[in-house]
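Everything below concerns the one structure shown next.
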Amino acid sequence: MTNQEIAQVLNEIGDRLDILGEDSFKVGAYRRAARVLEQEPYPAEALVAEGRLQELRGIGKAIATKVADLLREGRSPYLERLREQVPDSVTELLKVPGIGPRTAGRLWREMGISNLAELEAAARSGALRGKPGIGGKTEANILAAIERLRARPDRLPLFRVYDVARAVKERLRALPSITDADAAGSVRRWQPTVGDLDFVAASTDPPAAIRAFVQFPEVGSVVAQGETEARVLLSAGVQADLRTVHPEAYGSLLQHFTGSKEHNIQLRELASTKGLSISEYGVKRLSTGETKPCATEEDVYRMLGLDLIPPEIRHGSGEIEAAARHTLPKLVAHADIRGDLQCHTTYSDGSASVLEMALAAKDLGYDYLAITDHSPGRANAGGLTLERLQQQAAEVAEVRRQVPGITLLHGSEVDIRADGSLDLPDEVLARLDLVVAAVHSAMGQPRERVTARVLAAVRHPLVDVLAHPTGRLLGERDPIDLDLDAVFAAAAESGVALEINAGPSRLDLDGSLARQAHAAGVLLCVNTDAHATAHLASFMPWGVAQARRAWLTADDLLNCRPAPALMEWLAARKKRASARVGR
DNA sequence: GCCGTTTTCGGCCCGACTGTTTTCAGTCG
């Protein structure tokens, strides 16, 4: 059972305790333990076996015992007892913005409302009105919120909102009342999916900035508006908040609303041990009550004795301790990338020729590029027959002569077939410079089968890279049901590199899984899987951001190595493979 | 339920906005 699955159980326990009216700090403890586990790179299963689960901050005796029960029995007796007390559908009510646990619990206990349909019916008939704390306006808000909930998923892929986020940011920066503005929150942390957009601005006249913001053409409707902050629904279908402060406190504001929540909680705990208190307005010394606003984020962290923590790793998973010890890793940067190990051309489903891709990669200053078109089994994506692959080898050789100064590798993105065999014969794979294996079909196979299939590829002596390991497409296709711990262990053993696919709709592995892979001793690489020349440049930052979220340095990534080192790595794999295949 | 450089008990991050209230609870991030 993965840490994410355990976290789900703990979150559900939290939801149900909340509705039952349990102490909010007890509820918070379960939610916090869930967040901690979600970010924990080591499998909880291993930590339990070693008796070290309680070493995680936020997990004490009671929760550790419940997690151990869950892992041993495959179900949580405690959660099952709670499920008997609260019907499943009541937790649906929490998804309605404006309805929290208090209201949900009361609706259920006092009116017998136990799902969204009943809530909607009650609101329509006017039955809610007159209950303590609920008037006509709340009733209307509930109806509107249910409508929106039906129309939109609760989280959107980052790439779906990235452009509108940038447009709003630029519009804010252009306002005369604003001196600086950013998209903070999960956008700034490069989370693969976002719930809403958080804008922050430094303003000499906050009320004027707020008034201008709610009039932006991107804004569909105004949800809430005050003197210093506002919440709107953008026409693009995502909620956006703007918070403003005077410029001298902009660093405090930016830090505060970049989050994550867990990071900020830990930061404030640290502050309190130093007699300080942090808010979006500054750092307050409790002894004097004096607040010192911070103009930059560096100032905020420095006042706590910390190095500046990059937004991508603000998860509350060890970064604050590392910043205090001055041992934060030097995270990989876009400039560290020396080449790209997966791209497509017009030979299969790409839109550019081998020559065009090579020139584009050279323009980026890359040392190498691997051409990896699809294998024959992917006929619908123009997978190459053996004959076409042969032709392409000749063309690659020709382009090598035409474009000196970049190492062009001839490879294949070979299909891992439903039975775990590869879609090209060994003697063909052996002649390629680089073999990238990937699952593209039969993605609904049960866990054991699909895991065995991927393990077979990872252990195949001629495979160098496993591409987009989970196969998920953000907002479109769920990941395959893979036992990733087993895959990571096998990749660490066989030396196969796992891909962080930089395609904005993939981000696969994402930062959190890549961190787990790295902790298991796996080598990683960041590839764009470009299907056009423009993708080589525009996708890479998305992949690098995921690598940064995984705490990776340039040393941890195969394609940050200079060409000679990469060639050495490939040669060593070939040598080992021929020894094994020859036996 | 978790946690400890004043604490094994008594705290637990902080502030804005809304709606329904005459001073605040609930929600959100």
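So that the names make sense, note that chain A is the first sequence line, chain B the second, and so on, each numbered from 1. What's counted below: heavy atoms across the whole structure, side chains too, no hydrogens, waters or symmetry copies.
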Query raised in the report: Between dG4(B) and Thr273(A), is there an OP1 or OP2 to side-chain N/O distance shorter than 4.0 Å?
Result: no
Query raised in the report: Within a reach of under 6.0 Å around CZ of Arg285(A), are more than 12 heavy atoms found that belong to other residues, nucleotides or ligands?
Result: no
Query raised in the report: When the C1' atoms of dA16(B) and dG11(B) are considered, how many whole Å apart are they?
Result: 24 Å
Report summary line: Here the residues of residues 59-73 of chain A within 4.0 Å heavy-atom distance, strictly under, of DNA chain B are Ile59(A), Gly60(A), Lys61(A), Ala62(A), Ile63(A), Lys66(A)
Query raised in the report: For atom C1', what is the distance between dT8(B) and dC3(B), given to the nearest Å?
Result: 9 Å
Query raised in the report: Looking across every strand, which nucleic acid part, if any, lies under 4.0 Å from Val96(A) by heavy atom: base, sugar-phosphate, or nothing?
Result: sugar-phosphate
Report summary line: Among the nucleotides dG19(B), dG1(B), dG29(B), whichever has the atom closest to the side chain of Asp23(A) is dG1(B)
Report task. Check the distance between dC14(B)'s P and Arg243(A)'s CZ and give it to me in whole angstrom. Result -> 17 Å
Query raised in the report: Arg32(A) has an atom CZ; how far is it from atom C1' of dG11(B), in whole Å?
Result: 13 Å
Query raised in the report: Looking at dG26(B), dG29(B), dC12(B), which one has an atom nearest to any side-chain atom of Phe25(A)?
Result: dC12(B)
Query raised in the report: Which nucleotide in the list dG29(B), dC14(B), dA16(B) gets nearest to the side chain of Tyr281(A)?
Result: dA16(B)
Report task. Salt-bridge test for Glu312(A) and Arg549(A): reply yes if a basic N is under 4.0 Å from a carboxylate O, no otherwise. Result -> no
Report summary line: When rounded to whole Å, the CD1 to P distance for the pair Ile99(A) and dG19(B) reads 14 Å
Query raised in the report: Between dG15(B) and dG10(B), how far is it from one C1' atom to the other, in whole Å?
Result: 24 Å
Query raised in the report: Which base, if any, makes a Watson-Crick or G-U wobble pair with dC3(B), both distances under 3.5 Å?
Result: dG10(B)
Report task. Starting at atom CD of Glu55(A), determine the distance to atom P of dC2(B), rounded to an integer number of angstrom. Result -> 15 Å
**Report entry** Side-chain donor or acceptor of Arg189(A) paired with backbone N/O of Thr258(A) under 3.5 Å
**Finding:** yes
Query raised in the report: Just checking Gln239(A): base, sugar-phosphate only, or nothing, at a heavy-atom cut-off of under 4.0 Å?
Result: sugar-phosphate
Report task. Could you check which of dG1(B), dG15(B), dG19(B) has an atom nearest any side-chain atom of Asn141(A)? Result -> dG19(B)
Query raised in the report: What's the CD1-P distance between Ile142(A) and dC28(B), to the nearest Å?
Result: 11 Å
Query - Residue Arg57(A), side-chain heavy atoms: nucleotide from dA16(B), dG29(B), dC3(B) that is nearest - result: dC3(B)
Query raised in the report: On a whole-Å scale, what distance lies between the C1' atoms belonging to dT18(B) and dT23(B)?
Result: 15 Å
Query raised in the report: Hey, are Asp198(A) and Arg243(A) close enough for a salt bridge, meaning a charged N less than 4.0 Å from a carboxylate O?
Result: yes
Query - Between dT5(B) (P) and Glu269(A) (CD): distance, integer Å - result: 12 Å
Query raised in the report: For Ala224(A) and Glu280(A), take the nucleotide of DNA chain B holding the closest heavy atom to each; which residue's nucleotide lies nearer the 5' end?
Result: Glu280(A)
Report summary line: Closest heavy-atom pair, Leu286(A) versus Leu276(A), reported as atoms and distance to 0.1 Å, is CD1-O, 4.0 Å
Report summary line: Against the side chain of Thr138(A), the closest entry in dG1(B), dT27(B), dT20(B) is dT20(B)
Query raised in the report: Using 4.0 Å as the upper bound for N to carboxylate O, is an ion pair formed by Arg166(A) and Glu170(A)?
Result: no
Report summary line: Between Val96(A) and Ile142(A) the two heavy atoms that sit nearest each other are CG1-O, 4.4 Å
Report task. Could you tell me whether dT7(B) is syn or anti, where syn means a glycosidic angle within 90 degrees of zero? Result -> syn
Query raised in the report: Between Ser277(A) and dG15(B), does any side-chain N or O lie under 4.0 Å from OP1 or OP2?
Result: no
Query raised in the report: Of the candidate nucleotides dA16(B), dG29(B), dT27(B), which contains the atom at the shortest distance from the side chain of Arg231(A)?
Result: dG29(B)
Query raised in the report: Are there more than 12 heavy atoms of other residues, nucleotides or ligands under 6.0 Å from atom CZ of Arg83(A)?
Result: yes
Query raised in the report: Which value, rounded to the nearest 0.5 Å, describes the distance between Leu474(A) atom CG and Arg477(A) atom CZ?
Result: 11.0 Å
Query raised in the report: Starting at NZ of Lys137(A) and ending at P of dA25(B), how long is that distance when rounded to a whole Å?
Result: 21 Å
Query raised in the report: Nearest nucleotide by nearest heavy atom, which residue falls closer to the 5' end of DNA chain B, Gly98(A) or Leu56(A)?
Result: Leu56(A)
Report summary line: Among dC2(B), dG29(B), dG26(B), the one nearest any side-chain atom of Thr103(A) is dG26(B)
**Report entry** Euclidean distance for C1', dC12(B) against dT7(B) (whole angstrom)
**Finding:** 13 Å
Report task. Please state the P separation for the pair dT20(B) and dC28(B) - nearest whole angstrom. Result -> 15 Å
Query raised in the report: In whole angstroms, how far is the P atom of dC14(B) from the CZ atom of Phe257(A)?
Result: 14 Å
Report task. Please determine, for the side chain of Thr228(A), which listed nucleotide (dA16(B), dC14(B), dG29(B)) has the closest atom? Result -> dA16(B)
**Report entry** Phosphate contact (dC2(B) OP1 or OP2) by Gln54(A) side-chain N/O below 4.0 Å
**Finding:** no
Query - Span that lies between the P atom of dT21(B) and that of dA25(B), in whole angstrom - result: 14 Å
Query raised in the report: Among Glu55(A), Glu40(A), Gln54(A), whose side-chain contact (heavy atoms from CB on, under 4.5 Å) with Leu47(A) holds?
Result: Glu40(A)
